[in-house]
**Q** 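Handing you a structure now.
Positions are given from 1, in the same order as the sequence printed here. Keep in mind the model is a prediction, meaning the values are calculated, not measured.
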Amino acid sequence: QVQLVESGGGLVQARGSLRLSCAASGRTFSTSTMAWFRQGPGKEREFVAAIYWNAAVTTYADSVKGRFTISRDNAKNTAYLQMYSLQYEDTAVYYCAAGPRWSVSSTSYNYWGQGTQVTVSS
């Protein structure tokens, strides 16, 4: 079992940056695919980024490609989402998720954090 706790959200001006962290407990973190999803006001939850268990492969939603970077430190049981050039449209609750398979679908992830709010002021 994996428990996930996000941190690092907050209020930032447009074109600013934030780094989100996802601290995991449990033995399976180092073998799990980690991902970030987000849910904006009035929107469905959407995929943001994912990273393979050994960090060999990453993938991003087109809307964040070139601005966001996902990473992980298996020794610290922590995943990160570095966000640059934030836009108003990035305002959302950001969730980290862990799962056994490589996927961009939320249904493939069986462990979720509680979410952290990111608000970008225009």
**Q** Please confirm whether the backbone N or O of Leu11 pairs with a side-chain atom of Thr119, one donor and one acceptor, at under 3.5 Å?
**A** no
**Q** Considering non-hydrogen atoms only, spot the tightest contact between Ala98 and Val2 and give its length.
**A** CB-CG1, 4.5 Å
**Q** Please say yes or no: joined through hydrophobic side-chain contacts below 4.5 Å, possibly via intermediate residues, are Val64 and Leu18 part of one cluster?
**A** yes
**Q** Could you state the interatomic distance from CZ (Arg67) to CD (Gln82), rounded to the nearest 0.5 Å?
**A** 12.0 Å
**Q** Using atom types as modelled and distance alone, determine if a side-chain donor or acceptor of Glu6 lies under 3.5 Å from a backbone N or O of Gly115.
**A** yes
**Q** Using atom types as modelled and distance alone, determine if a side-chain donor or acceptor of Ser32 lies under 3.5 Å from a backbone N or O of Ser30.
**A** no
**Q** Find out if a path of hydrophobic residues (ILVMFWY) with successive side-chain heavy-atom gaps under 4.5 Å connects Val120 to Leu81.
**A** yes
**Q** Is it true that the NZ or CZ of Arg72 lies under 6.0 Å from the centre of Tyr52's six-membered ring and within 45 degrees of the ring axis?
**A** no
**Q** Would you name the heavy atoms of Val48 and Phe68 that are closest together and state the gap between them?
**A** CG1-CD2, 3.8 Å
**Q** Quick one: does Leu4's side chain get under 4.5 Å of Tyr95's, heavy atoms only?
**A** no
**Q** Give the minimum heavy-atom separation between Met34 and Cys22, together with the two atoms involved.
**A** CE-SG, 4.0 Å
**Q** Is there a path from Phe29 to Leu20 through hydrophobic residues (I, L, V, M, F, W, Y) whose side chains come within less than 4.5 Å of each other?
**A** yes
**Q** Does any N or O in the side chain of Tyr111 come within less than 3.5 Å of the main-chain N or O of Cys96, such that one atom is a donor and the other an acceptor?
**A** no
**Q** Quick check: are there more than 12 heavy atoms from other residues, nucleotides or ligands sitting under 6.0 Å from CD of Gln117?
**A** yes
**Q** Which word best sums up how the rings of Phe37 and Trp112 line up, parallel for under 30°, tilted for 30 to 60°, or perpendicular for over 60°?
**A** tilted
**Q** For the residue pair Thr69 and Tyr60, what are the closest heavy atoms and their distance?
**A** CA-OH, 3.3 Å
**Q** Same cluster for Ile70 and Trp53 if Ile/Leu/Val/Met/Phe/Trp/Tyr side chains link at under 4.5 Å?
**A** no
**Q** Nearest heavy-atom pair of Ser71 and Ile51: which atoms, and what distance?
**A** CA-CD1, 3.6 Å
**Q** Which heavy atom of Thr78 sits nearest a heavy atom of Ser21, and at what distance?
**A** CG2-CB, 4.3 Å
**Q** What do the steps show when you test Asp73 against Tyr80 for side chain to side chain contact (heavy atoms under 4.5 Å, CB included), and what is the final call?
**A** CA-CA 8 Å; Asp73 185 338; Tyr80 304 96; 4.2 Å; yes
**Q** Do Thr107 and Ser105 get their side chains close enough for a donor-acceptor pair, meaning under 3.5 Å?
**A** yes
**Q** Please confirm whether Trp36 and Phe47 have ring centers closer than 6.0 angstrom.
**A** no
**Q** Please, which pairs that meet salt bridge (charged side-chain N to carboxylate O under 4.0 Å, His left out) have at least one residue in residues 112-122, sequence neighbours excluded?
**A** none
